[in-house]
Student: 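Starting off with a structure, shown below.
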Amino acid sequence: MLYSLAPVEAGHQLTNRGTMSKPKPLSRVRNMGIMAHIDAGKTTVTERILFYSGKTYRIGEVHEGEATMDYMIQEREKGITITAAVTSFDWLDHEIHLIDTPGHVDFTLEVERSLRVLDGVIALFCGVGGVEPQSETVWFQADRYQVPRIAFVNKMDRLGADFQRVVEQIRERFGVVAVPIQIPWGAEAGFTGVVDLIEQKALQFDEQDRGSTVIPCEIPAELREPARKAREYLLEVVADLDDEVAMRYLDGQPVEPKMIRAALRQGTNALKVVPVLCGSGLKDRGIQPLMDAIVHYLPSPADLPGVIGTLPDHVTPAERPHNDKAPFSSLAFKVQYPEGRKLVYLRVYSGKVAAGDVVLNSSRDKTIRISRLFAIHADTRTRIDTASAGMIVGAAGLKEVTTGDTLCDPAHPILLEPIKAREPVISVAIEPQTMRDKEKLIDVLGKLADEDATFHFQEDADTGELIMRGMGELHLEIMADRIRRDHGLGLRVGQPEVIFRETVLKEGSGHGRFFRETEEERIFGEVWVVVSPLPRNSGFQYGLSLPEDLSSRARRLLDPIREGIEESLTGGVLTGDPVVDVRVNLVNLTLEESETPVPLGYRIAGGMALRDALRQADPTLLQPLMRLEVYTPSENLGEVIGDLSARGGQILQVDDLGPNKLIQAHAPLKMMFGYSTQLRSLTQGRGNFSMEFLTFGTLHETIEL
């Protein structure tokens, strides 16, 4: 029997509910997450996992605002996940650390930093919607961090659910070997359970106890041929992964389930295959086999190579093996302020750390003391004495630690790869209802920015106006609501505005000369630069094309000149927005022979030269361009395409989804405000869309992306 949970009668409490047994060996630890497009059912599935594992006594439903992992009031009201929530539980004598991640693109940083510290992931897909836009985004994020995956096709009870179509989409969109280890028993309203292709049994889930009882039975007659063909494909895939399985398969000998699982585990961890399961979280079907798959196919920290970093010089490679005996190393991947006190989430990669230990923040070259350690379950914390390799824990007392910092043994420093955050694309002006709250508001904004690296704020030096910047309208709406309700501050919020960038379209030369004489000193600087355009998303490059006979006295001024240039890049010559995708070459500078050069003069002259060059280089604005996927009934296709075209959108592709159409397009963000309301009007409420940031660019460039 694969399923370790005994039948649970109504009101019966398992002895391990809400608790975990003593720590397991590293080989019995799993650090995994659930990722998906918004509304694919991540949190619903997570709630069942917590219930069946004995972590919770009841199932909290998202649509009722009672999900355990969606603990923020904004999450419960909107029915979406906003922040990645951490928990731990036992299953099949394994210790599993789970992170439930958001699906909305505005909160993609939560997925990014979770994937950075996870060893494996459940990629969850809607049985109707299939591979949706954010599904692709999070999949490619997992690719970047080389995270093994299993796939779960959820909502098989929904009208229009098609398991095989979703499997084919996974293969086509991601170029992976997606191998079903189950097929659905029935579909839509007739979805009854699953057929386990490895054990060759059909599985039902007792509705009387919310699916807690799993009932193995013979495969129904109408499914025997589909199950035979699906198992044949499974064995072909497994034979390519394992020589012993291949020999038995070719000789016509039976292949034991244990051998199939071992080969699939090896292939999954090597990123060669993706096992695919199915079920319905809302109908309590198929969740226990998914939990088994976490144990069977996703890696433990002991299966993985050591974590790679550098010494604090940023150059010399360094590695830490995943075990308790190695020097302590960890990554701070999340910051929160529950009840106003800073809590830092750590993934411990090697060694051990105890409450009270002094550790090195190698990202900032500062030693700090960990005052307390916690095991985390959603919004609750339990004090623990030590944390060891493979654990995900919370730590208090780390005032000068932020997302992406490395904490390690001071005697054995290592610097791990930080977590990169996307730049905000939308802003709003805000002000407190009373000016005496302004300082408190700035303090709150600082804490929110510490929690979320995609959220920025600044105070305009000239007007004193406060500006919030984020990833989208929903992102800023949530932040404003948190300021009002979580921190009790009245707030007035302006209309959203798009954030632009500046760049240049051709090469331009610039000259900057600064002179000022005071009673104390004579400040002089003179600099020449050349600015040239770079491809999109190249950022900033700096080079030197100086005369060979430049004196050593002049060369000592190169750093101040570069500082002046970089400062000036923060505000361009058109609208004062940051300048991107340019290369700046310093080509010459002059000295006054009779004077000792003052670095300040050359710093100012460098900025002046840059601005002069930008004006000569055909400066232009770059706007945020978005990737859209719009679902519409077929009869409304023409009106929807016409409206998108009127908004400056470019239609890339239209896919046929039976009675519906899927439009893929690019469009400028500034034209998409209010689109949700317009789409509902055009489709009588039946259309929906998703949108994510693509790049900063001019509209005609979208075709080339």
Side-chain angles (χ1 to χ4, degrees), residues 423 456 458-465 467 469 499-623 696-698:
E423 288 294 315
H456 297 181
Q458 73 176 64
E459 183 176 8
D460 189 285
D462 297 324
T463 65
E465 186 179 50
I467 305 294
R469 294 188 168 121
I499 295 172
F500 291 88
R501 294 288 184 266
E502 295 186 28
T503 192
V504 298
L505 299 179
K506 67 179 185 180
E507 186 176 286
S509 299
H511 170 234
R513 186 179 188 277
F514 179 81
F515 174 75
R516 179 170 298 169
E517 192 166 13
T518 67
E519 294 181 0
E520 293 81 15
E521 60 184 349
R522 176 186 175 92
I523 304 174
F524 172 81
E526 190 168 22
V527 170
W528 286 264
V529 301
V530 172
V531 171
S532 53
L534 291 175
R536 292 292 161 261
N537 302 312
S538 298
F540 163 63
Q541 294 180 10
Y542 184 73
L544 300 175
S545 301
L546 295 166
E548 293 182 2
D549 60 351
L550 195 70
S551 69
S552 59
R553 192 162 67 111
R555 291 187 182 276
R556 287 195 289 269
L557 298 168
L558 298 184
D559 285 344
I561 293 171
R562 176 166 182 165
E563 290 171 3
I565 289 171
E566 291 182 346
E567 285 178 4
S568 291
L569 286 170
T570 61
V573 295
L574 294 177
T575 57
D577 288 293
V579 181
V580 297
D581 302 336
V582 297
R583 177 177 177 83
V584 180
N585 274 343
L586 175 61
V587 296
N588 209 345
L589 68 149
T590 60
L591 295 176
E592 288 189 318
E593 295 298 333
S594 61
E595 300 290 338
T596 300
V598 178
L600 176 61
Y602 286 86
R603 181 172 177 169
I604 296 172
M608 294 171 64
L610 173 71
R611 298 179 70 80
D612 185 41
L614 291 175
R615 294 187 188 98
Q616 312 305 319
D618 198 1
T620 189
L621 281 179
L622 300 177
Q623 60 179 318
F696 282 99
T698 57

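Throughout, residue positions are numbered sequentially from 1 according to the sequence presented.
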Student: Please list all pairs meeting ring pair (Phe, Tyr, Trp, His ring centres under 6.0 Å) that have one or both residues in residues 526-566, counting only residues at least two apart or in different chains.
Tutor: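 Passing the test, one end in residues 526-566: H511-W528.
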
Student: Treating D581 as the side-chain partner and T503 as the backbone partner, does any N or O pair qualify as donor plus acceptor under 3.5 Å?
Tutor: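 No, the answer is negative, given that no donor and acceptor are paired below the 3.5 Å cut-off.
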
Student: Nearest 0.5 Å, what's the OG1-CZ distance between T590 and R513?
Tutor: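 That separation rounds to 7.5 Å.
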
Student: If you define the side chain from C-beta out and look only at heavy atoms, does anything of V580 sit under 4.5 Å from E502?
Tutor: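 They are not in side-chain contact.
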
Student: Could you tell me which residues satisfy side chain to side chain contact (heavy atoms under 4.5 Å, CB included) with D618, sequence neighbours excluded, listed by chain and number?
Tutor: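 In terms of side chain to side chain contact (heavy atoms under 4.5 Å, CB included), with neighbours along the sequence ignored, D618 is linked to L505, K506.
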
Student: Which residues pass the salt bridge (Lys or Arg N to Asp or Glu O under 4.0 Å) test with E566, not counting sequence neighbours?
Tutor: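 Salt bridge (Lys or Arg N to Asp or Glu O under 4.0 Å) check on E566 returns R562.
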
Student: Taking C-beta and beyond as the side chain, do V529 and V587 meet within less than 4.5 Å on heavy atoms?
Tutor: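 With C-beta onward as the side chain, the pair stays apart.
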
Student: A side-chain contact here means heavy atoms from C-beta on lying under 4.5 Å apart; do L546 and L589 qualify?
Tutor: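 With C-beta onward as the side chain, the pair touches.
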
Student: Is it the case that E507 and S532 place a side-chain donor and acceptor less than 3.5 Å from each other?
Tutor: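 No - no donor-acceptor pair under 3.5 Å links their side chains.
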
Student: R501 and Q623: side-chain donor and acceptor closer than 3.5 Å?
Tutor: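 There is no such pair between these side chains.
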
Student: Suppose we screen for side chain to side chain contact (heavy atoms under 4.5 Å, CB included). Which residues come up paired with P597, at least two apart in sequence or across chains?
Tutor: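 P597 satisfies side chain to side chain contact (heavy atoms under 4.5 Å, CB included) with R553, L557, L591, Y602 once adjacent residues are dropped.
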
Student: Side chains of L534 and Q541: does their closest heavy-atom pair fall under 4.5 Å?
Tutor: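 Yes - at least one pair of side-chain heavy atoms lies under 4.5 Å apart.
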
Student: Test your reading of the model: is there a side-chain donor-acceptor pair from R583 to the backbone of V530, 3.5 Å cut-off?
Tutor: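 A pair under 3.5 Å: no.
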
Student: Out of curiosity, R555 CZ to L544 CG, how far, rounded to the nearest 0.5 Å?
Tutor: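 The CZ atom of R555 sits 8.0 Å away from the CG atom of L544.
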
Student: Checking D577 now: which residues fulfil salt bridge (Lys or Arg N to Asp or Glu O under 4.0 Å) with it, not counting sequence neighbours?
Tutor: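 Expected list: none.
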
Student: Which distance, rounded to the nearest 0.5 Å, do you find between the CD1 of I565 and the CZ of R611?
Tutor: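 Answer for the CD1-CZ pair, I565 versus R611, is 13.0 Å.
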
Student: Which atom pair, heavy atoms only, marks the closest approach of A609 to G512?
Tutor: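 Smallest interatomic distance, heavy atoms only, reads CB-N, 3.5 Å.
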
Student: Can you sort out the partners of P560 under side chain to side chain contact (heavy atoms under 4.5 Å, CB included), two or more places apart, ordered by chain and number?
Tutor: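 With neighbours one apart ignored, the set is P599, R603.
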
Student: Of all heavy-atom pairs between A605 and E526, which one has the smallest distance, and what is that distance?
Tutor: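 Reported closest heavy-atom pair: CB-N, 4.0 Å.
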
Student: Compare all side-chain heavy atoms of I499 with those of R469 and state whether any distance is below 4.5 angstrom.
Tutor: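 Yes, side chains in contact.
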
Student: More than 12 non-hydrogen atoms from neighbouring residues, nucleotides or ligands closer than 6.0 Å to CZ on R516, yes or no?
Tutor: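 No, the 6.0 Å shell around CZ holds no more than 12 heavy atoms from other groups.
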
Student: Could you grab the distance from atom CG of L586 to atom CG of L610, nearest 0.5 Å is fine?
Tutor: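 These two atoms lie 11.0 Å from each other.
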
Student: For a quick test of reading the model, state the closest non-hydrogen atom pair linking A613 to G508 and the distance between them.
Tutor: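 Scanning both residues completely, I find the closest heavy atoms to be CB-O, 3.7 Å.
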
Student: If we ignore hydrogens and angles and just use 3.5 Å, is the side chain of S568 paired with the main-chain N or O of G564 as donor and acceptor?
Tutor: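 Yes, because the side chain of S568 sits within donor-acceptor range (under 3.5 Å) of the backbone of G564.
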
Student: Is any side-chain heavy atom of F515 closer than 4.5 Å to a side-chain heavy atom of I523?
Tutor: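 Not touching, per the 4.5 Å side-chain cut-off.
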
Student: Is there side-chain contact between N588 and P547, with at least one heavy-atom pair below 4.5 Å?
Tutor: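 Yes, their side chains come closer than 4.5 Å.
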
Student: Could you check whether any side-chain heavy atom of R536 comes within less than 4.5 Å of a side-chain heavy atom of F696, counting everything from C-beta outward?
Tutor: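 In short, these two side chains do not touch, never coming nearer than 4.5 Å.
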
Student: With side chain to side chain contact (heavy atoms under 4.5 Å, CB included) as the criterion, how do V504 and T620 come out once you've worked through the C-alpha distance, each side chain's angles and the decisive distance to 0.1 Å?
Tutor: CA-CA 6 Å; V504 298; T620 189; over 6 Å; no

Student: Of the non-hydrogen atoms in D612 and G510, which two are nearest, and what is the gap between them?
Tutor: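 Nearest pair, atom of D612 first, then G510: OD2-CA, 3.3 Å.
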
